[in-house]
Amino acid sequence: MISVKSLNLIFLGPPGAGKGTVAKDVVERFGVPHISTGDMLRDAVSAGSALGKKVQSVMESGQLVSDDLLYDLVEDRLSKKDCMNGFILDGFPRNVKQANDLDKILNELNLNLSAVVFLDVSEEEVVNRISSRRVCPKCSKVYNLISLKPKNDMLCDDDGIELIQREDDKPDTVRERYRIYVEKTAPLVKLYTNRNQIVTIDASGPVDKVDEIVFNTLDELSQ
Ligand code: ADP
Ligand code: AMP
């Protein structure tokens with residue numbers, strides 16, 4: 001792990017672009033926490049908490065959870081001590097309202113954004129990646145039946161538990177999520193481009209290649 005000046009990052013891109021996969025590798029190298037709002041909400045659903053009960057059906061249908069719930073979740077998480085030296089936001093913000101909310105939260109916490117890393121991949125490629133995504137129901141580790149296979153058949157390398165397909169990764173829901181991405185999230189590319197904060201990464205290659213491009217970019221940013 002290398003020590004850097006703080007990297008306060010947003011990972012932006014369509015569902016299935018590889019945000020979570022690259023984020024995990026960036027965590028190992030740069031030691032900043034990975035804040036995936038999707039993972040946090042899925043944990044709440046698994047735990048059967050009040051939040052989980054509120055969001056479960058919305059998530060399974062591929063729709064976005066309400067902005068108010070996300071505000072509280074992200075504000076609370078970014079206030080934690082481990083975010084003072086950097087963080088990767090993955091899955092938030094997802095619309096213009098949330099981008100404005102994030103400005104407010106960062107302002108309150110006296111933090112600045114270092115960059116928005118946009119993982120650029122075609123619709124065809126993300127649909128392919130998602131259709132073969134499998135996850136461990138215990139530790140949430142993400143695999144791919146084609147590109148990132150588990151060592152043993154369909155079992156998690158770490159827990160030995162049978163991998164599952166996310167409910168919202170079923171074909172009809174994937175199409176709806178992509179539609180929502182185009183309508184609500186893609187406009188953020190323009191918003192952050194206008195602010196001169198975006199770095200576009202060609203994320204169509206294999207994981208190693210994408211990691212290399214992202215690492216080089218972050219090395220430069222952290223000089
Ligand atoms: P996101 O977090 O953007 O929704 P994931 O990181 O979960 O996307 O990746 C989606 C799927 O594609 C996973 O099954 C993952 O293993 C696989 N994947 C991620 N990056 C790549 C890549 N560069 N090439 C091929 N498959 C990839
Ligand atoms: P993800 O793991 O990022 O693909 O997110 C899975 C699901 O969680 C989404 O389809 C939404 O239902 C919900 N979700 C995650 N992040 C957000 C967000 N920022 N705003 C609204 N809903 C979200």
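First listed ligand is number 1; within each ligand, the first listed atom is number 1.
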For ligand 2, is any non-hydrogen atom under 4.0 Å from Leu70's backbone (N, CA, C, O), its side chain (CB onward), both, or neither?
side chain

With heavy atoms and a 4.0 Å threshold, my read on which part of Ala23 contacts ligand 1 is neither

Using a 4.0 Å heavy-atom cut-off, say whether Leu148 meets ligand 1 through its side chain, its backbone, both or neither.
side chain

Just verifying a value: how many Å separate Asn144 CG and Lys149 NZ, rounded to the nearest 0.5 Å?
9.5 Å

What distance separates Lys209 NZ from Asp211 CG, expressed to the nearest 0.5 Å?
11.0 Å

So for ligand 2, is Arg94 a polar contact partner (N or O within less than 3.5 Å, distance only)?
yes

Using a 4.0 Å cutoff against the non-hydrogen atoms of [X], which atoms of ligand 2 qualify?
X	value
Arg166	1 (P), 2 (O), 4 (O), 6 (C)
Arg177	4 (O)
Phe92	19 (N)
Gln98	18 (C), 19 (N), 20 (N), 21 (C)
Thr37	15 (C), 16 (N), 17 (C), 19 (N)
Gly91	16 (N), 17 (C), 18 (C), 19 (N)

To which protein heavy atom is [atom] closest, and what is the distance rounded to 0.1 Å?
atom	answer
atom 17 (C) of ligand 1	Asn144 ND2, 3.5 Å
atom 20 (N) of ligand 1	Val207 CG2, 3.7 Å
atom 22 (N) of ligand 2	Val65 N, 3.0 Å
atom 15 (C) of ligand 1	Thr21 OG1, 3.7 Å
atom 7 (O) of ligand 1	Arg133 NH1, 2.6 Å
atom 11 (C) of ligand 2	Gln63 O, 3.4 Å
atom 8 (O) of ligand 2	Met59 CE, 3.3 Å
atom 8 (O) of ligand 1	Gly18 N, 3.1 Å
atom 23 (N) of ligand 1	Gly205 O, 2.8 Å
atom 18 (N) of ligand 1	Arg129 CD, 4.0 Å
atom 25 (C) of ligand 1	Ser147 OG, 3.3 Å
atom 23 (C) of ligand 2	Leu41 CD1, 4.0 Å

Is there a side chain to side chain donor-acceptor pair (under 3.5 Å) between Ser66 and Asp68 once you walk through the steps?
CA-CA 5 Å; Ser66 86; Asp68 291 352; 5.3 Å; no

Within-cut-off N or O pair, [X] and ligand 1, under 3.5 Å:
X	value
Val210	no
Ser132	no
Val142	no
Asp90	no

Do the side-chain N and O atoms of Asn112 and Asn8 include a donor-acceptor pair separated by under 3.5 angstrom?
no

Atom 1 (P) of ligand 1: which of Ala203, Ser204, Ser131, Gly16 has the nearest heavy atom?
Gly16

Going through the distances and angles, do Asp120 and Thr200 end up as a side chain to side chain donor-acceptor pair (under 3.5 Å)?
CA-CA 7 Å; Asp120 194 12; Thr200 299; over 6 Å; no

Mind checking whether Ile130 has a heavy atom under 4.0 Å from ligand 1?
no

Does ligand 2 have an atom under 4.0 Å from some heavy atom of Lys19?
no

Arg29 NZ/CZ over Phe215 ring centroid, <6.0 Å and within 45° of normal:
yes

